Amino acid sequence: MILCKKDDRPNGFWVKVPTIQEKEVFSFQEAKEFLNALDAIDDDLIFKRVIFKFMLLTGVRIGEMSGLRWSDIDFTRKVVKIQRSRLYLP
């Protein structure tokens, strides 16, 4: 936790600001390799390939992906609305 002053006024107060842990993400090259590996998956597992590609290319989290409904997808406008999230317990 880091202490930061809320404002510069004499009656301002201090607040605790949580530190944010840095997240490790794929590099561009790692993402390309991952997409190529997905293309090598058998066609009978295409649903897994589609899920992972969608997550990588859009940045949605697994809970957001789990919460998607067909009504959230507008194929005409090519838009996906993320409106809910589900708790995922592996």
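Because the structure is predicted, anything quoted here is derived from the model rather than measured.
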Only pairs under 3.5 Å count here: list side-chain donor-acceptor contacts from residues 30-41, not counting sequence neighbours, and write none if there are none.
| from | atom 1 | to | atom 2 | distance (Å) |
| --- | --- | --- | --- | --- |
| Glu30 | OE1 | Ser27 | N | 2.8 |
| Glu30 | OE1 | Ser27 | OG | 3.4 |
| Glu33 | OE2 | Gln29 | NE2 | 3.3 |
| Asn36 | ND2 | Lys32 | O | 3.3 |
| Asp39 | OD1 | Lys53 | NZ | 2.7 |

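Hydrophobic clustering of Ile, Leu, Val, Met, Phe, Trp and Tyr side chains at less than 4.5 Å, counting indirect connections, keeps Leu57 apart from Val50. Ile82 and Val79 fall into different hydrophobic clusters, where Ile, Leu, Val, Met, Phe, Trp and Tyr are joined by side-chain heavy atoms under 4.5 Å apart, directly or via other members. Note on Val60: it does not cluster hydrophobically with Phe52, by side-chain heavy-atom contacts below 4.5 Å among ILVMFWY residues. Cluster membership for Val25 and Met65, using ILVMFWY side-chain heavy atoms within less than 4.5 angstrom, is not shared. By the criterion of side-chain heavy atoms lying less than 4.5 angstrom apart, applied directly or through intervening Ile, Leu, Val, Met, Phe, Trp or Tyr residues, Phe54 is grouped together with Trp70 in one hydrophobic cluster.
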Task: Candidate pair Ile62 and Met55, rule side chain to side chain contact (heavy atoms under 4.5 Å, CB included), full reasoning - done: CA-CA 8 Å; Ile62 193 151; Met55 290 178 67; 3.9 Å; yes

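Nearest heavy atoms, Ser85 versus Glu64: OG-N, 3.7 Å. The two residues Arg49 and Asp42 come nearest to each other via the heavy atoms NH2-O, 3.5 Å.
For CZ of Arg61, the number of neighbouring non-hydrogen atoms (other residues, nucleotides, ligands) closer than 6.0 Å is 12 at most.
The CD1 atom of Ile73 sits 10.5 Å away from atom NZ of Lys81, with the distance rounded to the nearest 0.5 Å. Asp72 CG to Arg84 CZ: the interatomic distance, rounded to the nearest 0.5 Å, is 4.0 Å.
For the salt bridge (charged side-chain N to carboxylate O under 4.0 Å, His left out) test, no residue two or more places apart in sequence or in another chain qualifies with Arg69.
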